[in-house]
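Have a look at the structure below, then the notes.
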Amino acid sequence: MRKSVLLCCCVVLAAGILLAQKTHVPKIDPQRLHDTVKYLSSDELEGRGTGQKGGDAAANWIAEQFKSHGLKPAGANGSYFQDVPMVGVRALPTTTFTFVPASGTPVELKNLDDYVTSNETQTESADVDAPIVFVGYGITSPENKWDDYKGYDLRGKVALLFVSEPESNDPNFFKGKALTYNGRWTYKFEETARRGAVGTLIIHRTDLASYPWEVVRNSWGGERSYLRLEGTPKLQAASWIQLEVARKLVAMGGLNLDNLYKQAQSRDFKPIELPVRLKAHVVSSIRPFASRNVLAMVEGSDTDHRRAEAVLYTAHYDHFGIDPARAKGDQIYHGAVDNGTGCGILLELARVWAGTKPAPPRSILFAAVTGEEQGLLGSDYLGKHLDQLPVQPILDLNYDALAPLGIPEEVEVSGAERTTFYSEVEKTAKEFGLAIKPDAHPEAGHYYRSDHFSLGRVGIPAFSISEGLKFKGHDLAWGEAQSKDYVENHYHKPADAFVESWDFTGDAKLAEFGYALGQAAATRSGEIKWLPGDEFEKAQMKLTSMDIDGAALFAGHPALLPVHVEPIAYPPLARQARLTGATQIKVFVAEDGSVERTDTITGHPLLLQALVDAVREWKFQPGDPREFILRCEFVVSGINTDDSRASTILVEPLYLRVAVHPGFIYETQSVARVSDNENGGGKGRKFRGP
Ligand SMILES: [Zn+2]
């Protein structure tokens with residue numbers, strides 16, 4: 001027994017020496033973290049406001065740091081920047097809101113005290129005169145068999161609804177106490193706008209929102225920034241109203257808000273049109289501007305397809321900027337913790353990754369994103385324009401507000417447990433002596449409130465790394481007190497300022513932890529996936545494969561009624577090598593409807609494998625054993641200059657055509673040759689594709 005333990009030690013030691021000889025990894029430096037946070041939160045950068053001088057200066061400075069650490073630019077036209085077109089919208093005091101009942105006296109509301117509103121359609125003036133309809137929570141969620149609308153036509157109307165989602169203790173129903181995206185206010189505005197509403201009134205309840213009216217008022221009272229309109233439906237009056245105002249409103253219609261709340265808990269709930277109209281005149285100042293994400297990368301060493309994939313690190317650099325309306329000496333929102341600390345970590349990771357020899361097989365991508373405090377705008381834009389990136393992110397690790405309080409003994413990685421990467425996270429946490437702290441307040445929906453969410457919602461496994469509450473040398477109560485003090489006295493206030501005595505060794509530790517996770521992700525052979533049934537699983541499938549309309553494919557073949565059809569992924573290697581062609585297989589269906597076996601007829605083995613892998617999972621209606629021949633053609637389309645992802649699938653009876661754009665290819669000699677031959681593209685041209 002003893003002997004074998006000794007032997008193990010020797011092997012580990014030998015491996016360690018071998019590793020030390022072969023690889024070089026610089027250490028994360030707490031002093032550099034200190035310096036970065038101090039500079040970014042200094043008066044000079046004026047609180048790094050989105051669309052303000054200080055924010056732009058911060059972006060330039062971060063790009064310079066990337067450059068000095070030897071990272072490649074990963075933005076537009078060989079630069080470190082991705083332009084994020086935005087519009088600042090401020091509701092002016094001449095805005096009016098009036099409830100007009102069918103009979104009785106109209107009630108005029110007080111801006112900021114009773115309600116806040118913003119014109120998402122980005123026009124200077126908007127007039128709303130429309131009936132108000134109570135739509136419960138305003139949620140449609142097939143996974144939860146929930147639909148508050150029941151076919152109700154919301155076009156031209158004003159939706160009244162509760163923030164959050166139906167009460168639940170059942171983990172299979174709206175994830176129990178935890179908040180799903182359906183409960184977030186952003187979802188409410190998106191969904192009602194999609195349904196054609198002109199305005200929406202979210203009823204604020206402190207317990208449901210998990211923050212008081214003051215927070216709503218502060219974040220909606222001033223200018224709000226939006227991404228410039230890209231054709232998505234928007235509201236003319238995206239609004240919140242105070243609980244007591246909502247009470248009065250429904251009472252004008254002879255109803256009781258507490259009763260409505262009870263009704264909203266039921267699957268049978270149907271929209272209730274109130275005999276009250278909202279008459280609103282929304283006057284806004286409109287300020288178009290461009291803000292920037294800062295992007296840099298370390299190229300992977302794999303000569304194969306893995307270099308086209310990347311581990312992405314994100315941290316937002318923006319904060320609330322400078323507010324001249326405040327008393328002198330208190331005008332700058334320094335944002336030292338939020339998110340000077342995340343930027344410090346991001347830059348240290350960039351430096352260390354650039355110095356890592358050899359580079360891992362996959363590339364490492366860094367994004368310092370803008371507009372987080374305005375509603376995750378920079379990361380939202382990044383997630384929706386993955387085709388602008390030189391590499392495809394396979395995992396996002398985000399850092400947002402890590403108070404430098406000393407060495408943490410816990411780490412929060414909420415969301416990681418929903419991915420196939422979690423065992424790696426658990427293993428790494430153990431190695432770092434970090435206990436994984438479960439989300440203390442899942443009902444607050446923190447997952448949906450930082451930048452990783454923008455990547456998660458488009459299908460990329462993503463989560464934030466942050467410290468828990470237990471620190472070395474302190475008890476839990478100390479950590480809780482620190483956290484409480486931060487939330488009450490510093491969070492989103494000018495008082496989130498730099499403190500010279502801060503101890504950055506803990507932030508360095510969590511940066512190293514993120515480095516280790518990145519190393520694992522960048523070298524592993526398999527994919528990282530959202531777990532089956534996760535709310536982002538579908539998005540990931542969309543990202544990596546094509547949805548197939550099974551009913552259309554088997555139309556005219558009643559014996560082959562499909563129950564479940566798996567999408568077909570274009571194999572990354574085939575996409576990268578621009579491997580195309582037709583494949584044919586014979587499929588044998590068993591009595592229970594499952595695919596018993598497949599015989600390949602023609603096609604390239606790599607493409608056939610992709611087809612067979614998908615088809616083996618298909619399910620048909622039970623019945624007599626059946627067989628059919630399926631043809632599937634894989635096509636890599638030419639390089640398109642437009643921004644659309646353009647991955648298509650044609651479905652005809654028993655004939656599929658899977659088409660994708662070329663994969664992510666970073667400029668290299670061999671790649672330039674391919675482009676010359678097939679597309680007449682210039683040497684060293686950078687391809688963009690899904
Ligand atoms: Zn913040």
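Counting starts at 1 for both ligands and their atoms, in listed order. These numbers come from the heavy atoms of this one structure, side chains and all, not from hydrogens, waters or symmetry mates. Bear in mind that the values here come from a model prediction, so they are computed numbers and not experimental data.
Counting just the N/O/S atoms of D338, the one with the shortest distance to the Zn ion (ligand 1) is named OD2.
Taking the six-membered ring for Trp and thresholds of 30 and 60 degrees, F189 and W185 have ring planes more than 60 degrees apart, a perpendicular arrangement.
Using a 4.0 Å cut-off between a side-chain N of Lys or Arg and a carboxylate O of Asp or Glu, K38 and E500 qualify as a salt bridge. Ion pairing between E512 and K509 fails under the 4.0 Å rule for side-chain N and carboxylate O.
Here the angle centred on the Zn ion (ligand 1), running from NE2 of H492 over to OE2 of E373, is 110°, rounded to 10°.
Not one N/O/S atom of H319, from backbone or side chain, sits under 2.8 Å from the Zn ion (ligand 1).
A cation-pi contact, defined as under 6.0 Å to the ring centre and within 45° of the axis, links R418 to Y447.
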